[in-house]
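A quick note: this is a predicted structure, and the numbers were derived from the prediction, not measured.
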Amino acid sequence: RRRRRRSAQPCCRQVATRWPPAAATAAAGAGAVGWLLLVGAAVVAGVGEMASNASGAGAGTGAAPTTALERTVGLGLAAVQQAGAHATQAREWESSIAMEELGTLLETLESLVALAQEQPPAQAGGAAAAEAGFAPTTEQAEEIAACLHKMSHLVEEEDRKYNVAIGDTSERVRLLHPVGKMQSMLRDRSKAFDIMSQALSVPHRNRRIPSCVKAAIARYTLTMISFQFQYPLDDEGVFEETRKYAQLDKLLDPTHDKEEELNEFAVRTYCIGLVAMALINEEVCQELMATNYAKNAMQYVSVAILGHTALPEEEQNSERAKGYKHDKDWYLANPVCEDSLNFEGLCCDRLRYCVQIVAQLGEYNETLATILPHKPVQVLMQLLRPGMSRNILLLLEALHLAGVLLGHRKLAIELVDAGIVKAFLKLPRLDTVNEGVAFCLQRLQGVSQAMEMVSASPPAMRAELMKLVCNFISSGN
């Protein structure tokens with residue numbers, strides 16, 4: 001039986017998948033204590049002068065300065081709270097408008113899909129009636145695709161705001177916020193979507209649906225999913241059709257002057273994202289582990305970040321290699337792509353989905369061996385660079401991958417030697433990011449040789465790391 005190297009199931013959502021539920025408090029438990037003991041001992045041994053300077057400064061201030069400081073901090077906190085309240089009100093107002101717009105677009109979509117329904121002849125029997133279904137004209141297809149993309153964009157924007165402001169990965173909390181309510185609305189009013197997805201699962205209907213509609217449906221499906229292996233992914237017909245388009249061994253970038261090819265590229269990209277979401281399901285993981293899916297995903301990420309030199313020498317001039325048009329310079333210069341409807345935005349999405357696939361399947365020992373030849377340490381260090389961290393969604397997936405690799409003794413030592421702890425200290429201090437870093441530190445704490453290397457790092461870095469771990473404990477991360 002296949003063994004997973006950690007017992008807890010990973011949470012998997014559209015944008016913040018990541019660590020097991022226990023990882024949210026991992027640093028507050030035994031892992032954090034271990035970090036404080038190990039790193040703290042190093043600080044005491046090597047940074048005694050820093051501690052004495054700090055205590056001397058505190059002794060010279062007396063009670064009055066402390067009281068004044070408390071008053072100043074209190075005023076500052078009040079100002080911050082007031083500003084936060086205003087920002088919250090503004091977000092709620094924007095979200096209410098987005099909810100109304102989403103409802104209007106849903107009504108429009110339902111009308112468009114109803115018009116695109118092909119009706120059987122009046123005297124037709126059961127067989128002919130069964131042939132009737134979703135068959136939009138070119139004009140109807142363009143309108144339906146535009147409507148689906150607008151709806152997807154609204155939900156994606158709310159999802160981004162939620163992850164920056166809240167970041168809680170639990171479904172219960174998510175449903176209390178606009179993005180959760182939006183996704184519930186999409187799932188509750190799914191009649192139009194059901195008609196389209198059923199048509200996609202019928203071969204002769206599928207061929208008649210334009211690729212622009214297929215791409216829009218795939219993107220829309222992603223926005224409907226917030227947690228676990230749920231509707232519509234749990235529909236066997238939908239998922240099987242998704243698998244057909246999500247082949248990672250056939251990834252050639254399209255030319256920019258052909259809209260049809262761009263739409264096909266979008267279909268494949270969003271279907272890869274759906275497969276990444278489906279990996280929360282153990283059966284799906286087992287199926288993909290029997291293939292080269294993780295290997296191909298890691299190869300795509302490696303070439304995208306490191307360039308063609310990441311490929312084996314015999315493949316560097318192959319047709320597959322020619323398909324990768326954007327190397328690491330492009331990704332480092334364009335870490336954030338706001339628009340998923342263009343080629344650049346799709347490349348960013350595909351990169352994130354592939355990192356998510358590698359992280360999810362890399363939890364299995366059998367799969368991890370297939371990704372090691374594709375330079376995962378070098379790739380991860382590039383993904384954690386300060387410029388790349390502006391893409392929060394990609395950063396969260398990179399942290400999940402970091403936690404997977406840090407669970408391996410050899411890889412943990414290589415990552416510490418490459419400076420991963422220093423990279424952690426430079427990441428933005430958002431709740432979702434903090435959870436990821438806590439997950440990584442908890443994994444690293446189990447590798448004694450790597451911890452010894454951390455303890456031997458410069459005093460200033462050890463002190464900063466101790467401060468970070470203490471903050472995790474005080475905040476519950």
Side-chain angles (χ1 to χ4, degrees), residues 10 12-15 17 113 133-134 141 144-145 148-149 151-152 155-156 183 186-187 190 192-252 254 261-297 300 340-341 346-347 349-361 397:
C12 185
R13 298 192 303 102
Q14 181 179 351
V15 292
T17 56
V113 172
F134 182 64
I144 289 172
L148 286 169
H149 280 305
M151 295 166 66
S152 299
V155 180
E156 288 165 358
Q183 289 172 321
L186 296 183
R187 291 193 291 269
S190 62
F193 173 82
D194 290 339
I195 292 172
M196 293 184 290
S197 62
Q198 287 170 11
L200 286 177
S201 62
V202 180
H204 73 275
R205 289 288 178 196
N206 189 313
R207 290 191 293 270
R208 297 174 58 184
I209 300 176
S211 58
C212 65
V213 175
K214 293 178 183 177
I217 292 173
R219 183 184 182 188
Y220 183 75
T221 305
L222 275 172
T223 65
M224 296 175 71
I225 301 169
S226 62
F227 187 72
Q228 294 188 346
F229 191 73
Q230 60 184 31
Y231 176 86
L233 273 186
D234 56 3
D235 183 283
E236 185 175 351
V238 172
F239 186 66
E240 284 304 314
E241 195 61 34
T242 297
R243 285 278 304 274
K244 294 177 184 177
Y245 285 101
Q247 296 302 314
L248 281 165
D249 56 346
K250 298 178 181 179
L251 296 183
L252 295 180
E261 287 189 0
L262 183 61
N263 285 327
E264 289 292 341
F265 185 71
V267 174
R268 296 199 301 273
T269 296
Y270 292 131
C271 285
I272 291 169
L274 288 169
V275 169
M277 291 295 300
L279 290 175
I280 186 64
N281 184 279
E282 192 75 16
E283 293 181 4
V284 176
C285 285
Q286 297 292 339
E287 289 178 18
L288 293 183
M289 284 170 59
T291 68
N292 288 325
Y293 210 75
K295 173 186 174 182
N296 292 334
Y300 183 87
S340 293
L341 300 180
L346 290 169
C347 284
D349 287 341
R350 179 172 289 191
L351 176 64
R352 172 164 56 90
Y353 299 146
C354 287
V355 173
Q356 183 177 346
I357 289 168
V358 173
Q360 291 280 63
L361 292 177
E397 301 301 348

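Other residues, nucleotides and ligands contribute at most 12 non-hydrogen atoms within 6.0 Å of the CD atom of E283.
Side-chain contact check for I217 versus Y270: every heavy-atom pair is 4.5 Å or farther apart. Contact annotation: the side chain of F134 approaches that of I144 to within less than 4.5 Å [non-hydrogen atoms, C-beta and beyond]. No side-chain heavy atom of E287 sits under 4.5 Å from any side-chain heavy atom of Y293. Annotation: side chain of F193 is not in contact with side chain of L148 (no heavy-atom distance under 4.5 Å).
Here the NZ atom belonging to K214 is positioned 3.0 Å from the OH atom belonging to Y245, to the nearest 0.5 angstrom. E156 CD to L222 CG: the interatomic distance, rounded to the nearest 0.5 Å, is 8.0 Å. L262 CG to F265 CZ: the interatomic distance, rounded to the nearest 0.5 Å, is 8.0 Å. From R352, atom CZ reaches atom SG of C347 across 13.0 Å, with rounding to the nearest 0.5 Å. Taken to the nearest 0.5 Å, the CD1 atom of I225 stands 9.0 Å off from the CD atom of Q183. The CZ atom of R268 lies 10.5 Å from the CG atom of L346; values are rounded to the nearest 0.5 Å.
Closest heavy-atom contact between S152 and R219: CB-NE, 3.6 Å. Residues I280 and Q360 share a closest heavy-atom pair of N-NE2, 4.4 Å. When all heavy atoms of Q356 and A276 are compared, the closest pair comes out as NE2-O, 3.5 Å. In plain terms, the two heavy atoms of N263 and S211 that are nearest each other are CB-OG, 3.2 Å. Minimum interatomic distance between I357 and L279 (heavy atoms only, all atoms of both residues): CA-CD1, 3.9 Å. Between I272 and Y353 the shortest heavy-atom distance is CG2-CB, 3.9 Å.
The residues K244 and E241 are annotated as salt-bridged, a charged nitrogen and a carboxylate oxygen being separated by less than 4.0 angstrom.
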Stepwise side chain to side chain contact (heavy atoms under 4.5 Å, CB included) check, M196 with T221: CA-CA 11 Å; M196 293 184 290; T221 305; over 6 Å; no
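In this structure, the side chain to side chain contact (heavy atoms under 4.5 Å, CB included) partners of A294, at least two apart in sequence or on a different chain, are L361, T367, T370, I371. Every residue was checked against the side chain to side chain donor-acceptor pair (under 3.5 Å) condition with T242, not counting sequence neighbours, and none meets it. Legend: residues meeting side chain to side chain contact (heavy atoms under 4.5 Å, CB included) with A192, ordered by chain and number and at least two apart, are L109, E110, V113.
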